[in-house]
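Working notes, beginning with the structure itself.
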Number of protein chains: 2
Amino acid sequence: MKRNTWQREAVREALETSEGFVSAQALHSGLHATGSPIGLATVYRALADLASEGEADSLQQDGESIYRACTPNTHHHHLICRNCGLTVEIEADEVETWAQKVAAQNGFTQANHIVDVFGLCTSCSPG
Amino acid sequence: MKRNTWQREAVREALETSEGFVSAQALHSGLHATGSPIGLATVYRALADLASEGEADSLQQDGESIYRACTPNTHHHHLICRNCGLTVEIEADEVETWAQKVAAQNGFTQANHIVDVFGLCTSCSPG
DNA sequence: TCGGTTTTGACAATCATTATCATTAAGGGC
DNA sequence: GCCCTTAATGATAATGATTGTCAAAACCGA
């Protein structure tokens, strides 16, 4: 049975009050800064749980996983600058339905997808 | 000045002949399997160079960076079975135009994209 | 309150990636 | 072709995020 602990709540709350994406390490230091004695491994576990329960989105950047609180209908993708790493969140309803359609047409089930667009942002574009 | 080495060529070629995304580690083992004595660090460097020159796309999954050759005339996407690895190439004109549109709307230039759909193929689907 | 079970947390282990640095070799100039 | 300068290589150590371990602590139904 799943139990409720103050640690899990602390992580959930810290995630919800964070702006944008946060790494597990950052969340852990943040919690420590407020005096919470929560352990690092626990933060990792709590974030993984939240993500698998659909309460958080995760993506990986620069070799670390970053998380964000997720209200069930905020699935989106990213537009990433190849040069400076600037990341813009993009809506992709068109692509969502397309992905499901293509999967279904080929008899695939339980489809998810990777959709990321790379380019050069305004500042990094030549000319 | 930038020099051409057989190592760089080996990595480029290995990447181009790979289906879908490959990790640096996988590419390195693959090269070793064919008898190439190329070093791991060199594979990492070559991949990073290719990516920064726009000859390869990279994304991060499960804590590792994976790469794919990115040349305009072999552009296509994949529908990949998570269980058995079956790969189906898919047309994605809709997505091509969508990606260009989104990039342009955000001031990004030289856009390319990564679009791959993962799921369970007919044989591997439950029920 | 009690007891079985889950969760925690300190620390060790793992694994991809990057840094180090002596050695090798590319490529321009002769 | 032969030097020479210097970038590239590769063996290995270092780094840093994440996961595994396991005894101790906490949760919660009875």
Side-chain angles (χ1 to χ4, degrees), chain A residues 1-15 18 20-53 55-69 78 80 82-85 87 114 116 118, chain B residues 1-15 18 20-53 55-68 114:
Chain A
M1 188 231 302
K2 183 142 167 237
R3 295 178 182 175
N4 297 323
T5 63
W6 64 265
Q7 287 96 333
R8 254 174 235 277
E9 271 315 304
V11 170
R12 187 202 310 276
E13 191 182 322
L15 192 61
S18 294
F21 288 87
V22 214
S23 69
Q25 302 277 350
L27 210 59
H28 179 243
S29 342
L31 284 164
H32 260 215
T34 68
S36 170
I38 191 172
L40 179 57
T42 303
V43 173
Y44 274 99
R45 282 187 287 243
L47 285 174
D49 284 352
L50 289 172
S52 76
E53 288 160 12
E55 296 191 59
D57 273 340
S58 73
L59 64 92
Q60 307 189 292
Q61 198 173 51
D62 295 330
E64 67 181 8
S65 290
I66 52 181
Y67 299 84
R68 185 190 61 176
H78 295 94
I80 303 155
R82 259 198 298 271
N83 186 244
C84 69
T87 301
I114 291 174
D116 286 294
F118 293 85
Chain B
M1 184 230 304
K2 183 139 166 241
R3 297 176 181 175
N4 295 323
T5 64
W6 64 265
Q7 288 95 334
R8 256 175 232 276
E9 272 313 305
V11 170
R12 187 203 308 277
E13 190 183 322
L15 192 62
S18 293
F21 291 88
V22 214
S23 69
Q25 303 275 351
L27 210 57
H28 179 243
S29 342
L31 285 165
H32 259 215
T34 69
S36 171
I38 192 172
L40 179 57
T42 302
V43 173
Y44 275 99
R45 282 188 288 244
L47 285 174
D49 284 352
L50 289 172
S52 76
E53 290 161 13
E55 297 192 59
D57 276 337
S58 73
L59 64 93
Q60 308 189 292
Q61 196 176 48
D62 295 329
E64 67 181 7
S65 291
I66 51 181
Y67 299 84
R68 184 183 62 175
I114 289 171

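In what follows, chains are A, B, ... by sequence order, proteins preceding strands, each numbered from 1.
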Looking only at heavy atoms, what is the nearest atom pair of [X] and [Y], with distance?
{"X": "B:Ser58", "Y": "A:Phe118", "value": "O-CZ, 3.0 Å"}
{"X": "A:Arg8", "Y": "A:Arg3", "value": "NE-O, 3.9 Å"}
{"X": "A:Gln7", "Y": "A:Thr42", "value": "CB-CG2, 3.9 Å"}
{"X": "B:Leu31", "Y": "B:Thr34", "value": "O-OG1, 2.7 Å"}
{"X": "A:Val11", "Y": "A:Leu27", "value": "CG1-CD2, 4.0 Å"}

Without decimals, in angstroms, what is the distance between [X] [atom1] and [N] [atom2]?
{"X": "A:Leu40", "N": "D:dT21", "atom1": "CG", "atom2": "C1'", "result": "15 Å"}
{"X": "B:Ile38", "N": "D:dT9", "atom1": "CD1", "atom2": "C1'", "result": "9 Å"}
{"X": "A:His28", "N": "D:dT18", "atom1": "NE2", "atom2": "P", "result": "13 Å"}
{"X": "A:Asp62", "N": "D:dA17", "atom1": "CG", "atom2": "P", "result": "11 Å"}

Could you check whether [X] gets within reach of a base, just the sugar-phosphate, or nothing at all, counting any heavy atom under 4.0 Å?
{"X": "A:Arg45", "value": "base"}
{"X": "B:Glu64", "value": "sugar-phosphate"}
{"X": "B:Ser65", "value": "sugar-phosphate"}

Discussion item. Go through it in stages, so that I can follow the logic: the residues are B:Tyr67 and B:Leu15, the test is side-chain contact (heavy atoms from CB on, under 4.5 Å), and I'd like the CA-CA distance, side-chain angles, deciding distance and then a yes or no.
Written reply: CA-CA 8 Å; B:Tyr67 299 84; B:Leu15 192 62; 4.0 Å; yes
Worksheet item: How does each nucleotide of nucleotides 23-30 of chain D score, in 5' to 3' order, for protein heavy atoms under 4.0 Å: base (B), sugar-phosphate only (S), or none (-)?
Response: ---BBS--
With rounding to the nearest 0.5 angstrom, report the [atom1] to [atom2] distance, [X] to [Y].
{"X": "A:His28", "Y": "A:Ser36", "atom1": "NE2", "atom2": "OG", "answer": "7.5 Å"}
{"X": "B:Arg45", "Y": "B:Leu40", "atom1": "CZ", "atom2": "CG", "answer": "9.5 Å"}
{"X": "A:Glu9", "Y": "A:Arg12", "atom1": "CD", "atom2": "CZ", "answer": "4.5 Å"}

Practice prompt. Any chance you could lay out the side-chain contact (heavy atoms from CB on, under 4.5 Å) test for A:Gln61 and A:His78, step after step, and finish with the verdict?
Written response: CA-CA 11 Å; A:Gln61 198 173 51; A:His78 295 94; over 6 Å; no
Worksheet entry | Axis bend over the full length of the helix from C:dT1-D:dA30 to C:dC30-D:dG1, computed from five pairs that close each end, to 10 degrees | 40°
Item to complete: Give a yes or no on whether A:Glu13 atom CD has more than 12 heavy-atom contacts from other residues, nucleotides or ligands under 6.0 Å away.
Response: no
Discussion item. Here's a test of your reading of the structure: between B:Ile66 and A:Asp49, which maps to the more 5' nucleotide of DNA chain C?
Written reply: A:Asp49
Worksheet item: If you walk 5' to 3' along DNA chain C, what is the first nucleotide with an atom under 4.0 Å of a heavy atom in chain B, and what is the last?
Response: C:dA16 to C:dG27
Worksheet item: Within the structure, does a side-chain N or O atom of A:Tyr44 lie under 4.0 Å from either OP1 or OP2 of D:dT19?
Response: no
